[in-house]
K.L.:
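Below is a structure I'd like to ask you about.
What you see is a predicted model; the values in this text were computed from it and never measured.
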Amino acid sequence: MVVEGRFAYVNPAAVRLFGAASAEALIGTDVLHRVHPDDHALALSRRKLVLVLNEPAPLVEMRFIALDGRIFDVEVQATSIDFAGQRGTYAAARDITARKRLEEHVRQSQKLEAVGRLAGGVAHDFNNTLAIILGHAEFLLGEIGSTHSSRDDVEAIQRAALHSSALTRQLLTYARRQVSAPRVLDLNAAVSETLSMLRPLIGESIALHWVPGSDLGAVTLDPAQLDQILTNLCANARDAIDDVGALNIATANVSLDGTAAMSIPEALPGNYVLLTVTDNGRGMAPEVTSRAFEPFFTTKPLGQGTGLGLATVYGIVRQNHGFIALRSEVGVGTRFEIYFPAHASSKLDEVASAPVPELPKGTETVLVVEDEADILRLTARALRAQGYVVLTASGPEEALRILDVHAEPVHLLLSDVMMPVMSGPDLAREVSKQRPNIRVLFMSGFSADLIARSGQLDPDVEFIGKPFTLGELTTHVRKVLDGRPSA
C-alpha cells in the first residue's frame, strides 16, 4: 500500500524482494527512492492515473532498487484503495528478474546464431575462391624458376591467400562450421604444452602465471582449438595491459546446480572443467562486454584488429558444448571463464605425433565431383600431375551417369559436400550401392550441416577443408587410397 507517495504497508514477499530486514525498514519511506531513476516518469504518470483520474494502472514492467542497491525487474499493476481513512494506491508486483535474464540470454543467442549463419555462408563461398587462387599460385610457382621476375609477385599472392584462409577459418569457427578433430584431453597437460608459445606472444613485461587444478577431469576438445582459445585470449589481455601487468591461467573442476547455472549465459547444470584467463588490464565497460563476442566488433584502432578473436573463442566453446562467462571492470581487469563438459571417462587419447610421409605418385582412378567449374578443373589437374586417372563430373547426376558407363574400377570418389539436387554424402551412399568398396573423400568450405554434426567429423568420414594446398589435397587422396582394400 502507498499513501502520499510513501510505503504504508508491505507484505512479507515485498520485504524479501527489497532485501529488507523487516517491513518497518520500508514503511514511511519514499517509494520513488526504490524506483529506478529511468522509470520515475512512468511511476509518477501511473500514480496520477490512479489518484487523479481514478483509473486502474495496467500491468507494466518496471525496475526497482533493493536496499542493498541491487536492481530487479517486476511486473506491477495498481489501483486506488482506502487505507486507514486515507486514499492510497494498492500495487501488486511480481519479480520477473529471472525471466528477463533468460529472455536476454535467448535474444543474445539468437543474435549470435544469426550472425554466425551469415558469417559461415560468406566464409564458405570465399573459401571456394581462395582454393582457386591458391591452386593456380602453386602451379605458377612450380612452372617458373626461382629467379623469374614474377616469382615475388606470385609468392605475395600465395601469402595473401593463406592469410585470408586463416581469417575464414576464424569465421567458420565462430559460426560452428569449422571441422574439428576432438579427443579426450588432460587440459592441464594441453595448457602446459601451449605455455611456450604464449610467453613470447604476451611479451616480457607481462608476468604469466599458470595454476593447474588438482585431480582435474578430462575434456573432449581438439588441441588445435585450445591453442586458438588461449592465443586469442592472451593476445587480448596483452593489448589491454599498459606497460607491465599480470596474466593468470588456471583450471579447476566445477559442479553447477540449477541456481548457479542461471547466473551464467547459456549454462546448464552439470559437471565441468573450468579454464580461466584473467588479466589486470584496462578492463571493459558494460557496453563493450555486451558486444564482446560479436564478430567484427572491436575497440582497437582501424587496422589493428579484425574483431574475430573473441568471436572465434565463443564459436569454439559452443562447438564443444561448453559456455563462456565474461567478467570485467574498468580499471581492474578482465576474467574469462570457460566451462567445458567433464568427460565421463578419465582415459585419455594418445596423440600421434609422427610426421606424414611424403606423398608418392598414384595410378588409381579418381572420380572428382564439384559444381564449381574452376575448382573441378584445378583439382583434376593436380591429381593428373601426380599420375592418377581422373574422371570429372560437375554434379551428382553426371557422376552417377559416368559410373553407369565406366566399366573399369573407380578407386576413389572425391566429392564436394554442398551441391544442388544431391549432397555429397547422399551421392556417396548411392555410389556405394554400385561400388561397395569405393573409398570416399569429401571436400568443402564447411561441413557442419551435412558430414560433421556439431562440427565434429564422424570417425569413418574422410574430409579435407577448402581452401587446401595441392600438397594437402594429394596427401589426403593418398592417405584414403592406402587406408582400405582396393575396389
Side-chain angles (χ1 to χ4, degrees), residues 10-23 25-26 34-36 39 59 61-76 92-113 187 211 213-221 229 233 248 250-278 283-284 286 289-293 310 313-314 316-329 332-344:
V10 290
N11 65 8
V15 172
R16 292 192 298 272
L17 197 58
F18 283 102
S22 64
L26 293 169
R34 304 269 64 85
V35 176
H36 191 282
D39 290 339
L59 188 70
E61 294 181 5
M62 293 179 63
R63 287 163 295 175
F64 281 79
I65 304 173
L67 295 183
D68 61 1
R70 172 179 50 87
I71 298 173
F72 58 92
D73 296 276
V74 299
E75 282 183 340
V76 60
R94 182 165 66 95
D95 184 9
I96 59 169
T97 304
R99 191 192 79 190
K100 294 285 287 185
R101 183 185 297 117
L102 180 60
E103 289 173 350
E104 180 58 31
H105 291 170
V106 171
R107 279 194 297 270
Q108 185 70 3
S109 296
Q110 290 174 336
K111 179 180 179 181
L112 291 172
E113 180 66 24
L187 198 58
V211 185
S214 60
D215 299 322
L216 200 68
V219 299
T220 305
L221 183 66
I229 290 173
L233 292 184
N248 298 321
T251 56
N253 294 319
V254 174
S255 182
L256 297 180
D257 59 17
T259 302
M262 275 293 293
S263 65
I264 305 173
E266 301 175 322
L268 294 172
N271 296 320
Y272 297 90
V273 176
L274 173 64
L275 171 67
T276 61
V277 178
T278 309
M284 306 181 203
T289 59
S290 65
R291 301 185 60 192
F293 297 116
L310 292 183
V313 172
Y314 175 86
I316 291 173
V317 173
R318 295 301 294 149
Q319 184 182 46
N320 289 281
H321 311 293
F323 50 91
I324 183 169
L326 166 57
R327 310 181 193 280
S328 189
E329 185 177 345
V332 176
T334 300
R335 176 183 174 91
F336 289 92
E337 300 175 351
I338 301 175
Y339 296 79
F340 293 112
H343 193 271

K.L.:
Quick one: does any side-chain atom of N320 pair with a main-chain N or O of F340 as donor and acceptor, under 3.5 Å?
P.N.:
no

K.L.:
Only counting residues at least two apart or in another chain, list the ones meeting salt bridge (charged side-chain N to carboxylate O under 4.0 Å, His left out) with D73.
P.N.:
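So D73 forms no salt bridge (charged side-chain N to carboxylate O under 4.0 Å, His left out) with any residue.
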
K.L.:
Looking only at heavy atoms, what is the nearest atom pair of L326 and A292, with distance?
P.N.:
CD2-CB, 3.7 Å

K.L.:
I need the minimum non-hydrogen distance between A218 and V273, along with the two atoms involved.
P.N.:
O-CG2, 4.1 Å

K.L.:
Classify the ring geometry between F72 and F64 as parallel (under 30°), tilted (30 to 60°) or perpendicular (over 60°).
P.N.:
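Parallel.
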
K.L.:
So, the side chain of T251 versus the backbone of G213: is there a donor-acceptor pair under 3.5 Å, distance only?
P.N.:
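Yes; judged by distance alone, with no hydrogens or angles, the pair exists.
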
K.L.:
Under 3.5 Å, is there a donor-acceptor pair between the side chain of S328 and the main chain of G333?
P.N.:
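The answer is yes, because a donor-acceptor pair under 3.5 Å joins these two groups.
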
K.L.:
Please report the shortest heavy-atom distance between H321 and P341, naming the atom on each side.
P.N.:
O-CG, 3.2 Å

K.L.:
For the residue pair L256 and N271, establish whether any side-chain heavy-atom pair is separated by less than 4.5 Å.
P.N.:
no

K.L.:
Which heavy atom in L67 sits nearest to a heavy atom in A25, and how many Å separate them?
P.N.:
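Looking at all heavy atoms of both residues, the closest pair is CD1-CB, 4.3 Å.
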
K.L.:
Are a donor atom and an acceptor atom from the side chains of D95 and T97 found within less than 3.5 Å of each other?
P.N.:
yes

K.L.:
Please round to the nearest 0.5 Å and tell me the distance separating atom CZ of R34 and atom CE of M62.
P.N.:
13.0 Å

K.L.:
Could you list the residues that satisfy side chain to side chain donor-acceptor pair (under 3.5 Å) with T276, not counting sequence neighbours?
P.N.:
none

K.L.:
So which of I324, I264, V219 actually passes side chain to side chain contact (heavy atoms under 4.5 Å, CB included) with Y339?
P.N.:
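Only one of I324, I264, V219 forms a side chain to side chain contact (heavy atoms under 4.5 Å, CB included) with Y339, namely I264.
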
K.L.:
Counting C-beta onward and ignoring hydrogens, is there a side-chain heavy-atom pair between L216 and N253 closer than 4.5 Å?
P.N.:
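Counting from C-beta outward, L216 and N253 do come under 4.5 Å.
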
K.L.:
Spell out, as yes or no, whether a donor-acceptor pair under 3.5 Å connects the side chain of D39 to the backbone of R63.
P.N.:
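Here the side-chain-to-backbone pair exists.
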
K.L.:
Would you compute the distance between atom CD1 of I338 and atom CD1 of I229 and round it to the nearest 0.5 angstrom?
P.N.:
5.0 Å

K.L.:
With R327, which residues qualify under salt bridge (charged side-chain N to carboxylate O under 4.0 Å, His left out), at least two apart?
P.N.:
E337

K.L.:
What pair of heavy atoms forms the shortest contact from M284 to F336, and how long is it?
P.N.:
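Nearest heavy atoms, M284 then F336: CE-CZ, 4.1 Å.
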
K.L.:
Minimum heavy-atom separation for V10 to A23, with atom names?
P.N.:
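Taking V10 first and A23 second, the nearest heavy atoms are CG2-CB, 3.6 Å.
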
